[in-house]
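Numbers here simply count residues along the sequence, with the first being 1.
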Amino acid sequence: MEQSLLREIEDKREELNNIAWKKPLLSEEVVTLSKELDQLLNRYDHSIQSKKAQ
């Protein structure tokens with residue numbers, strides 16, 4: 001699961017970087033992608049913290 005989540009994070013980060021070079025940073029598209037990346041990162045962090053707690 002972690003590997004697929006890391007792949008999603010990298011894909012989203014790349015997508016965000018590509019759009020951020022073309023559009024204003026406060027554009028709806030950039031903000032939405034940023035929020036999606038945040039959610040993925042939070043899921044990953046939660047996954048890591050759960051493993052540490054076991």
Side-chain angles (χ1 to χ4, degrees):
M1 176 185 157
E2 281 180 34
Q3 289 299 342
S4 64
L5 189 52
L6 284 173
R7 183 74 245 158
E8 281 185 72
I9 289 168
E10 287 305 314
D11 290 346
K12 189 63 67 176
R13 183 177 287 147
E14 185 176 332
E15 183 181 2
L16 176 58
N17 283 332
N18 289 336
I19 296 298
W21 280 103
K22 299 172 188 170
K23 302 214 175 196
L25 292 179
L26 295 177
S27 70
E28 184 176 338
E29 192 171 7
V30 172
V31 171
T32 298
L33 288 171
S34 179
K35 287 178 181 179
E36 291 172 4
L37 178 57
D38 285 345
Q39 289 173 346
L40 289 170
L41 290 167
N42 287 337
R43 281 177 43 202
Y44 181 76
D45 186 56
H46 180 72
S47 172
I48 296 299
Q49 295 304 319
S50 293
K51 280 190 171 188
K52 286 182 181 179
Q54 292 179 354

According to salt bridge (charged side-chain N to carboxylate O under 4.0 Å, His left out), who are the partners of Glu15, at least two apart in sequence or on a separate chain? Lys12
From Leu6 atom CG to Tyr44 atom OH, the distance as rounded to the nearest 0.5 Å: 4.5 Å
Rounded to the nearest 0.5 Å, how far apart are NZ of Lys22 and CG of Asn17? 11.5 Å
Between OG of Ser47 and CG of Asn42, what distance do you get to the nearest 0.5 Å? 12.5 Å
Polar side-chain atom of Ser34 near backbone of Val30 as donor-acceptor pair, under 3.5 Å: no
Ignoring hydrogens, what is the shortest heavy-atom contact between Ser27 and Lys23? Give both atom names and the distance. OG-CB, 3.7 Å
Which pairs, with at least one residue in residues 39-54 and sequence neighbours excluded, count as a salt bridge (Lys or Arg N to Asp or Glu O under 4.0 Å)? Glu2-Lys51
If you measure from CG on Leu40 to CG on Leu5, what distance do you get to the nearest 0.5 Å? 6.0 Å
Those residues that, when tested against Arg13, pass side-chain hydrogen bond (donor to acceptor under 3.5 Å, both in side chains) (two or more places apart): Glu10
Can you tell me if Thr32 uses its side chain to pair, donor with acceptor, with the backbone of Glu28 under 3.5 Å? yes
Scanning both residues in full, the closest heavy-atom pair of Val31 with Leu25 reads CG2-O, 3.9 Å
